[in-house]
2 protein chains.
Amino acid sequence: MLGPTELRRLATYSRRTRHCAGETLAVESDEVMGYANVTSGTVKLSRVLRDGRQQLVGLQFAPDLMGRLFSTESPLSAEAATEVELCRVPKEVMEALVLSSDRLKLRLLDQSLKDLDEAREWMVTLGRKSAIERVASVLLLVATRMGGADAQGDIVVELPIGRADMADFLGLTLETVSRQMSRLRHEGVISVQGHRCVVIHDIDALKGRTG
Amino acid sequence: MLGPTELRRLATYSRRTRHCAGETLAVESDEVMGYANVTSGTVKLSRVLRDGRQQLVGLQFAPDLMGRLFSTESPLSAEAATEVELCRVPKEVMEALVLSSDRLKLRLLDQSLKDLDEAREWMVTLGRKSAIERVASVLLLVATRMGGADAQGDIVVELPIGRADMADFLGLTLETVSRQMSRLRHEGVISVQGHRCVVIHDIDALKGRTG
DNA sequence: GGGCGTCCTTGATCTCGATCAAACCAGCCG
DNA sequence: CGGCTGGTTTGATCGAGATCAAGGACGCCC
């Protein structure tokens, strides 16, 4: 992807860091965060209103690239949802590299376009879908990014976030999320093992439920 | 912004077009649309669910740049909200120019980052705000992009979209939008002249109502 | 393995916004 | 000017999801 010169500079200046679930990664201040590649785990991006209402605005899975060039006007915060491994690059290094590397510019453009598509997709979910459609939508999203098949051919996912975060992602309350999960369970679409682990028995039914 | 070579090529291949309110600009198929600079007027970007539910995912004002590089997975449609003037560039020309021009790459990155910020901002509105906060939020958005001051120092805006579109942008029904507009009117925050024209008397009160 | 804290589920009730229905108004054209 | 039409306002009722309140399950640590 990048040329040898860029790779060398990246290798020189980047640092791998490891963070446990719940740790704040403080993206909003570019100074602290710079840029980071998620190399394993899942990161939650969120915004909060003055009175404390919270909205998750994105989930970043490996190998997504996080961070913003040339300052950001919207104060996002980032938190490790699961145990996370990052490959961090200081802001100045990244900006210098970006200015000198075409590849990197395109990679960054590509990532931001992908994030934009996801954000707009989610706007439809938040603006127009019912509670059960929203819950089906997250499950499908997570299954798409993290799901693996088991012996029966069912899709198994370890949810990176709990019910409260699902609620904040979906614009619902955690009680409503829980109720809709139960509903999908009673319908036989999914089953749940120990709160965090979801087995999807009928992926097409789940897709049908996403609206 | 761009060098003389790029400007010449742009001038050669770009075409100015004019569209009346309601006209479909069909962005979803890159072939047809290519890229376009909005030089005057306002464009609505929307997505619809299979059953017809619709969500506006963005408004593009002059001088925003519209369009996507290297294909898009999410089917957006674009429609002229008001009378619109575009400066269109065919997809292949734009892509070739982008590959050869650093300036243009950065301009494109900048636009997509701006769009991303707006989309995420709007996710908070859709996920966590009450009806009146949402209505106050659009009014503020439109006033910020299009508003002008009158003799009394009030801000006057000609709304680019009607109640139905506001509802689709806000994830509400048009009746609810109308009721909240009336509420802001009775509170003396705004007044309305002939459906489309809004006068904002107390911009701070309006900001306070955005949540 | 048992106890405890946290997260999740389920139930009862309330509320905001949706839905259904009817007037109302602005702009337009004859 | 007056009637028509499409968009808007307002009213009455309904319902999905929020809120309030227990109860239950998981998992962790001793």
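Each chain gets a letter, A, B and so on, in the order its sequence line appears, and its residues count up from 1.
- For B:Arg134, there are no side chain to side chain donor-acceptor pair (under 3.5 Å) partners two or more places apart in sequence or in a different chain.
- Across B:Thr39, B:Thr42, B:Val43, B:Thr17, a single residue satisfies side-chain contact (heavy atoms from CB on, under 4.5 Å) together with B:Val84, and that is B:Val43.
- Not a single donor-acceptor pair under 3.5 Å links the side chain of A:Ser178 to the backbone N or O of A:Leu174.
- The nearest pair of heavy atoms linking A:Arg120 to B:Leu45 is NH2-CD1, 3.6 Å.
- Rounded to a whole Å, the CG atom of A:Leu172 is 16 Å from the C1' atom of C:dC8.
- In this structure, A:Leu184 atom CG and C:dT9 atom C1' are separated by 15 Å, rounded to whole Å.
- Residues from residues 119-137 of chain A with heavy atoms under 4.0 angstrom of DNA chain D, sorted by number: A:Ser130, A:Ala131.
- Residues satisfying the salt bridge (Lys or Arg N to Asp or Glu O under 4.0 Å) test with A:Glu83, not counting sequence neighbours, are A:Arg18.
- Using a 4.0 Å cut-off between charged side-chain N and carboxylate O, A:Glu175 and A:Arg179 make no salt bridge.
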Interface polar pairs with nucleotides 8-12 of chain D, N/O, under 3.5 angstrom:
unit_1, atom_1, unit_2, atom_2, d
D:dT8, OP1, B:Arg163, N, 3.3
D:dT8, OP2, B:Arg163, N, 3.2
D:dT9, OP1, B:Arg163, NH2, 3.1
D:dT9, OP2, B:Arg163, NE, 2.7
D:dT9, OP2, B:Ser178, OG, 2.9
D:dT9, O5', B:Ser178, OG, 3.1
D:dT10, OP2, B:Ser182, OG, 2.4
D:dG11, N7, B:Arg179, NH1, 2.9
D:dG11, O6, B:Arg179, NH2, 3.2
D:dA12, N6, B:Arg179, NH2, 3.3

*Start with the C-alpha distance between A:Asp64 and A:Arg145, add both sets of side-chain angles, then the distance that settles side-chain contact (heavy atoms from CB on, under 4.5 Å), and finish with yes or no.*
CA-CA 11 Å; A:Asp64 289 340; A:Arg145 300 296 299 255; 3.3 Å; yes
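- The shortest non-hydrogen separation linking B:Lys105 to B:Val98 is NZ-O, 3.0 Å.
- Distance check, rounded to the nearest 0.5 Å: CZ of A:Arg53 to CD of B:Glu133 gives 4.0 Å.
- A:Arg183 places its CZ atom 16 Å from the C1' atom of C:dT9, with the value rounded to the nearest Å.
- Overall bending of the helix from C:dT9-D:dA22 to C:dG30-D:dC1, expressed as the angle between end axes built from five pairs apiece, is 40° (10° steps).
- Remark: C1' of C:dC7 and CD of A:Gln193 are 18 Å apart, rounded to the nearest angstrom.
- Judged purely by atom type and a 3.5 angstrom limit, A:Arg88 has no side-chain atom pairing as donor or acceptor with the backbone of A:Ala36.
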Can you give the donor-acceptor pairs under 3.5 Å from side chains of residues 188-197 of chain B to other protein atoms, not counting sequence neighbours?
unit_1, atom_1, unit_2, atom_2, d
B:Ser191, OG, B:His201, NE2, 2.9
B:Arg196, NH1, B:Leu159, O, 3.3

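- Atom-to-atom, CG of A:Asp165 to P of C:dT6 comes out at 17 Å; the value is rounded to the nearest Å.
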